[in-house]
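In what follows, a single structure is set out as structure tokens and then discussed.
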Amino acid sequence: MRLVVVGADGRMGRMLVRAVAQAEGCTLSGAIEREGSAALGQDAGVLAGLPPLGVPVTDDPLTAFAATDGVLDFTGPAATVHFAELAAQARIVHVVGTTGLSEADLAKLRAAAYHARIVRSGNMSLGVNLVADLVRRVAAALGPDFDIEIAEMHHRMKVDAPSGTALLLGEAAAEGRGVDLAEVRVSTRDGHTGARRPGDIGFATLRGGSVVGDHSVIFAGAGERITISHHAEDRGLFAAGAVRAALWAHPKPPGLYSMTDVLGL
Ligand SMILES: NC(=O)C1=CN([C@@H]2O[C@H](COP(=O)(O)OP(=O)(O)OC[C@H]3O[C@@H](n4cnc5c(N)ncnc54)[C@H](OP(=O)(O)O)[C@@H]3O)[C@@H](O)[C@H]2O)C=CC1
Ligand SMILES: O=C(O)C1=N[C@H](C(=O)O)C[C@H](O)C1
């Protein structure tokens, strides 16, 4: 399968280039960065710390998408919406790891999925998706007597909050409880907040250093507390998941899929 990496000079972009180069059955057919990027013209393999792959970074996604089977996209919301339109026109696979997408962005992805095969997840690792399944079942089993709080910590350069993974875990908890996350989500607390509203799902965001991704879902009851945690130690996890998602989606009909579909959970 031919794959293009967009945002090829980013933290995840470089990991994706490595994962594609090392995956059986995949070749890197293009590497994209934005206009004016210092990475333009450089070999994507060399940028990723590999021997040259003969794939220079360009700012021309249209040409790259016309000669590929799929695109791996861990960039930013505006770029991802743009790439989704181009991937739909080219009828290719679009793996979206980008987080911080708004409801309007998601609606555009849903529209693009009439023509493209899109796999989107706030976290592409097997471990987090297994944890989400566990959280859904624990939330259903414990019921509303247990308060649910989700804590996350990421590196100092992360720009969106709560993390995509925290929201994915929140969705799982809400689903287990049979409620809509939007109705019960509390993302900030500051000042005289009053007592906790029963049924709320709270989020706490920490940022600092080089943390790849830590998440904990806390079920706090009267006299006992259950904590389910995941610690990502290497971004290679997410890149491997993205390549797996692209290979999985290649023969599928157009649609919007998740890692739960890819992993068969
Ligand atoms: N779902 C998952 O499993 C994971 C998701 N993520 C998400 O992936 C995203 C990227 O994270 P990370 O790699 O750390 O961020 P980086 O900022 O390191 O990388 C993003 C890259 O995309 C580039 N980019 C942005 N806009 C465009 C554009 N229009 N055209 C081409 N390139 C563009 C950026 O260039 P420039 O610097 O010039 O803006 C940058 O090189 C985030 O949303 C993050 O939350 C991260 C890890 C795992
Ligand atoms: O920005 C990151 O780094 C990460 N983003 C994703 C998220 O928002 O959950 C996944 C992972 O935790 C790393």
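Counting starts at 1 for both ligands and their atoms, following the listed order. Numbers here are sequence positions counted from 1.
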Inset, instruction - For the pair Asp43 (side chain) and Leu53 (backbone), establish whether a donor and an acceptor sit closer than 3.5 Å, ignoring hydrogens and angles. - result: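 Yes: the side chain of Asp43 pairs with the backbone of Leu53.
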Looking only at heavy atoms, is any part of [X] under 4.0 Å from ligand 2, and if so is it the side chain, the backbone, or both, or is it neither?
X: Thr165; value: both
X: Leu168; value: neither
X: Arg11; value: neither

Legend entry - ligand 1 versus Ser121: contacting region, heavy-atom distance under 4.0 Å: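 Answer for Ser121: backbone.
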Inset, instruction - With heavy atoms under 4.0 Å as the rule, classify the contact between Met157 and ligand 1 as side chain, backbone, both or neither. - result: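 No part of Met157 is near ligand 1 at this cut-off.
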Considering only NZ, NE, NH1 and NH2 on the basic side and carboxylate oxygens on the acidic side, decide whether [X] and [Y] come within less than 4.0 Å.
X: Arg196; Y: Asp147; value: yes
X: Arg185; Y: Glu171; value: no
X: Glu175; Y: Arg137; value: no
X: Asp105; Y: Lys108; value: no
X: Glu152; Y: Lys158; value: no

Inset, instruction - Take atom CZ of Arg189 as the centre, draw a 6.0 Å sphere, and report whether it contains more than 12 heavy atoms from other residues, nucleotides or ligands. - result: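 Yes, enclosed.
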How far is [atom] from its nearest protein heavy atom, and which residue and atom is that?
atom: atom 9 (C) of ligand 1; answer: Thr75 O, 3.4 Å
atom: atom 3 (O) of ligand 2; answer: His155 NE2, 2.8 Å
atom: atom 5 (N) of ligand 2; answer: Lys158 NZ, 3.2 Å
atom: atom 29 (N) of ligand 1; answer: Ala79 CB, 3.4 Å
atom: atom 19 (O) of ligand 1; answer: Gly10 CA, 3.3 Å
atom: atom 44 (C) of ligand 1; answer: Thr99 OG1, 3.6 Å
atom: atom 3 (O) of ligand 1; answer: Met124 N, 2.9 Å
atom: atom 7 (C) of ligand 2; answer: Gly164 N, 3.4 Å
atom: atom 34 (C) of ligand 1; answer: Glu33 OE1, 3.8 Å
atom: atom 36 (P) of ligand 1; answer: Arg34 NE, 3.6 Å
atom: atom 12 (O) of ligand 2; answer: His154 NE2, 2.6 Å
atom: atom 5 (C) of ligand 1; answer: Gly97 O, 3.0 Å

Inset, instruction - Answer yes or no: does an N/O atom from Arg235 fall short of 3.5 Å to an N/O atom of ligand 2? - result: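 There is no such contact.
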Is the shortest side-chain heavy-atom distance between [X] and [Y] below 4.5 Å?
X: Thr98; Y: Pro77; result: yes
X: Asp234; Y: Val212; result: no
X: Val131; Y: Asn129; result: no
X: Thr260; Y: Val262; result: no

Legend entry - His215 and His154 aromatic ring geometry - parallel, tilted or perpendicular at 30°/60° bounds: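 The arrangement is perpendicular - the two ring planes meet at more than 60°.
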Residue selection (non-hydrogen contact nearest [atom]) among [options]:
atom: atom 22 (O) of ligand 1; options: Gly100, Ala39, Gly7; value: Gly7
atom: atom 46 (C) of ligand 1; options: Met15, Met12, Arg11; value: Met12
atom: atom 10 (C) of ligand 1; options: Phe238, Phe83, Phe74; value: Phe74

Inset, instruction - Just jot down the ligand 1 atoms closer than 4.0 angstrom to any heavy atom of Lys158, in number order. - result: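 By the 4.0 Å cutoff, the relevant atoms are 45 (O).
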Inset, instruction - Considering the heavy atoms of Thr98, write down every atom of ligand 1 situated less than 4.0 Å from one of them. - result: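 Result: 43 (O).
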Legend entry - Sub-4.0 Å heavy-atom approach of Gly122 to ligand 2: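 A heavy atom of Gly122 does come that close to ligand 2.
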Inset, instruction - May I ask whether His215 has any heavy atom positioned less than 4.0 angstrom from an atom of ligand 2? - result: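 Distance cut 4.0 Å: His215 passes for ligand 2.
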Legend entry - Partner residues of Arg91 under the salt bridge (Lys or Arg N to Asp or Glu O under 4.0 Å) criterion, sequence neighbours left out: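 Partners of Arg91 under the salt bridge (Lys or Arg N to Asp or Glu O under 4.0 Å) test: none.
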Answer with yes or no whether the side chains of [Y] and [X] bring together a donor and an acceptor at under 3.5 Å.
X: Thr58; Y: Asp60; answer: no
X: Asp214; Y: His230; answer: no
X: Ser121; Y: Ser258; answer: no

Donor-acceptor pairs are to be reported for all side-chain atoms of residues 21-29 against protein atoms at under 3.5 Å, with residues two or more places apart or in another chain.
from	atom 1	to	atom 2	distance (Å)
Ser29	OG	Leu3	O	3.4
Ser29	OG	Thr68	OG1	2.9

Legend entry - Contact with ligand 1 for His82, non-hydrogen, under 4.0 angstrom: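 Judged by the 4.0 Å heavy-atom criterion, His82 does not count as contacting ligand 1.
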Inset, instruction - May I ask whether Asp9 has any heavy atom positioned less than 4.0 angstrom from an atom of ligand 1? - result: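 Yes, Asp9 has a heavy atom closer than 4.0 Å to ligand 1.
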Legend entry - Polar proximity ligand 1 side, Gly122 side, N/O cut 3.5 Å exclusive: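 Yes: some nitrogen or oxygen of Gly122 is under 3.5 Å from one in ligand 1.
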Inset, instruction - Please confirm whether His155 comes within less than 3.5 Å of ligand 1 when only nitrogen or oxygen atoms on both sides are compared. - result: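 N/O-N/O distance under 3.5 Å: no.
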Legend entry - For Ser163, atoms of ligand 2 separated by under 4.0 Å from a heavy atom: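 That gives atoms 7 (C), 8 (O), 9 (O) of ligand 2.
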